[in-house]
Amino acid sequence: MIIKKAERLRGEIRVPGDKSISHRGVMLGSIAEGTTLLTGFLNGADCISTMECFREMGVEIKQEGEEVQVRGAGLRGLRKPGRVLDAGNSGTTMRILSGILSGQPFEAVLDGDASLRKRPMKRIIDPLTEMGADICSEGGFAPLRIRGGELHGIAYESPAASAQVKSSILLAGLYAEGETRVKEPFLSRNHTELMLRAFGADCMSEGNTACLRPGRSLHGISIRVPGDISSAAYFLGAGLLVPDSEVVIKEVGINPTRSGILDVLKRMKAEISVENTHETAGEMAADLIVRSSSLVGTKIGGEEIPRLIDELPLIAVLAAVAEGQTVIRDAAELKVKESDRIALTVGMLKDMGAVAYATEDGMVIEGSGSLCGARIRTDKDHRIAMSAAVAGLIAEGETEICDPECVRISYPGFFDTLEGLKH
Ligand code: S3P
């Protein structure tokens, strides 16, 4: 895929549904009683992996584009899968589904693609084992063989702020005897807690601790999935960098545990307005309007990191064009995402002529105001590919993105939407 310098971007778009909420809608819908209807569902490869796993366990799921109907099997209604459950490229599928499988009276094997097989699973194996599950793996990596057991609730102090870990433990807690608590160093995205409540579960949150008391059954609901702020981020970035631009992004989820990018962009002096704020199934959504802006560097770290972890490669691109230095700290997690996002982001920026270097837990970028086209390695990581596309819009010459089809993981129509804004 070749990206050329754009003159200006104008228009109104919708981005696909939130990935985290789409996964959770299928998962909770599958173990609820009655029907769950998801509209605005993300029809991307990761969420399709989740759907396929539940179909393999006997759940009837009908999908027509962005509309999904799940006929819940109830908490105890899943069937032993006839084959290996394939999570594909999706860490969310593997980690959260492991929690549900830990409570089942059967054995299942969960596997994934080459990237997922390299991602750490000990972070869920340890607490789920402590709850009573029997999980075999080779060195803490997929494939995972999970034999569900009689679980008991635990009070877990998570070493990392990870929504996947928290969600996995909370969903196992639905099957456990007694209460399950998860405390995080910082609050990670709370879609699971919000959705569990909406389905009727006894789930409470206080500060950085979430608590689940078992005993109630879940009941299917209708969910309108808001647009994914992690996907909207590329268009916020593109609208800011390309001169003479104005882009309206309709109905984007702005849950405060996800909207760290808006705070960072404000500090970078971006002109973004948030309009028509409203609530949909316990989640906040709004229209975002972005105009070209001259950005300045900033410092990002601490509690802000889990609120924008997936947006950091894109933020790094913006930092390379901003005035002054940007420092990203406390983000070592980036090394174990779909790719090593610290190495690939710094590599991309350097190849495009920027001054950037990796640190132990993040990166430092010296804003230079301009970039030049290059051939960008993505390691099939969707977020690296889309960040590179934004950089390509303002780079001198052509930018070639390797393996561009990887955007199908979270945003199948990304390049078409981008093209449609060029006027
Ligand atoms: C996700 C949580 C985040 C995020 C991932 C989706 C989720 O990962 O990076 O893209 O849906 O729970 P961690 O919870 O591991 O930080």
Side-chain angles (χ1 to χ4, degrees), residues 16-28 41-42 44-47 49-50 87-100 112 115-116 118-127 140 142 156 158-171 182 184-196 208 210 223 225-226 228-234 253 255 257-261 283 302-315 330-342 345 361-362 381-384 386-387 406-407 409-411:
D18 188 275
K19 184 152 80 72
S20 295
I21 297 177
S22 297
H23 277 299
R24 287 158 173 79
V26 170
M27 292 183 187
L28 293 192
F41 177 79
L42 167 60
D46 272 9
C47 298
S49 296
T50 291
N89 189 245
S90 172
T92 309
T93 307
M94 179 162 289
R95 297 201 178 108
I96 306 187
L97 181 52
S98 295
I100 295 178
S115 150
L116 191 49
K118 284 194 231 147
R119 297 180 63 188
M121 293 299 147
K122 198 167 148 24
R123 54 183 65 192
I124 49 129
I125 296 175
D126 286 349
Y156 190 67
S158 184
S162 161
Q164 295 176 352
V165 170
K166 171 174 62 178
S167 305
S168 184
I169 299 169
L170 290 176
L171 296 194
V182 185
E184 311 182 86
F186 302 118
L187 183 63
S188 67
R189 64 191 67 191
N190 64 355
H191 305 299
T192 302
E193 298 92 299
L194 294 178
M195 202 182 281
L196 274 168
N208 300 345
I223 300 171
V225 182
D228 196 324
I229 193 166
S230 300
S231 298
Y234 304 104
N255 176 322
T257 62
R258 293 285 301 283
S259 59
I261 183 164
E283 294 278 355
E303 64 86 28
E304 205 161 46
I305 295 296
R307 299 175 57 232
L308 47 61
I309 185 78
D310 293 337
E311 290 68 76
L312 286 169
L314 180 270
I315 291 172
D330 306 317
E333 267 301 297
L334 287 179
K335 294 183 199 164
V336 288
K337 291 292 179 188
E338 287 85 325
S339 69
D340 178 344
R341 286 184 178 161
I342 294 182
T345 302
D361 65 348
D381 182 332
H382 54 135
R383 303 218 183 272
I384 299 293
M386 291 187 275
S387 302
C406 63
V407 302
I409 293 295
S410 63
Y411 201 153

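Only a predicted model underlies this, so the values are computations on that prediction, with no experimental measurement involved. Just so you know, ligand 1 is whichever comes first in the structure, and atom 1 is the first atom listed for that ligand.
Within the 4.0 Å heavy-atom cutoff, Arg24 counts among the residues contacting ligand 1. Contact analysis puts Lys337 in contact with ligand 1, with a non-hydrogen atom separation below 4.0 angstrom.
For atom 14 (O) of ligand 1, the nearest protein heavy atom (residue, atom name, distance) is Ala163 N, 2.7 Å. Protein heavy atom closest to atom 11 (O) of ligand 1, with residue, atom name and distance, is Ser20 OG, 2.7 Å. The protein atom (non-hydrogen) at minimum distance from atom 1 (C) of ligand 1 is Gln164 NE2, 3.5 Å.
Judged by distance alone, the side chain of Ser231 and the main-chain N or O of Pro16 form no donor-acceptor pair under 3.5 Å. A donor-acceptor contact shorter than 3.5 Å links the side chain of Asp330 to the backbone of Gly302.
Residues Met121 and Leu116 meet the side-chain proximity criterion, which asks for heavy atoms closer than 4.5 Å. Between Leu312 and Glu333 the shortest side-chain heavy-atom distance does not fall below 4.5 Å. Counting heavy atoms from C-beta on, the side chains of Leu314 and Tyr234 come closer than 4.5 Å.
If you look at Arg189 next to ligand 1, the close heavy atoms, those under 4.0 Å, all belong to the side chain.
Between Asn190 atom CG and Lys166 atom NZ the span is 6.0 Å, to the nearest 0.5 Å.
Looking at Ile21, Asp310, Asp228, it is Asp310 that brings a heavy atom closest to atom 10 (O) of ligand 1.
Annotation: Glu333 places no N or O atom under 3.5 Å from an N or O atom of ligand 1; distance criterion only.
Each of the following atoms of ligand 1 lies closer than 4.0 Å to a heavy atom of Ile309: 9 (O).
For the side chain to side chain contact (heavy atoms under 4.5 Å, CB included) with Ile96, the qualifying choice from Thr50, Ile169, Leu171 is Leu171, the only one to do so.
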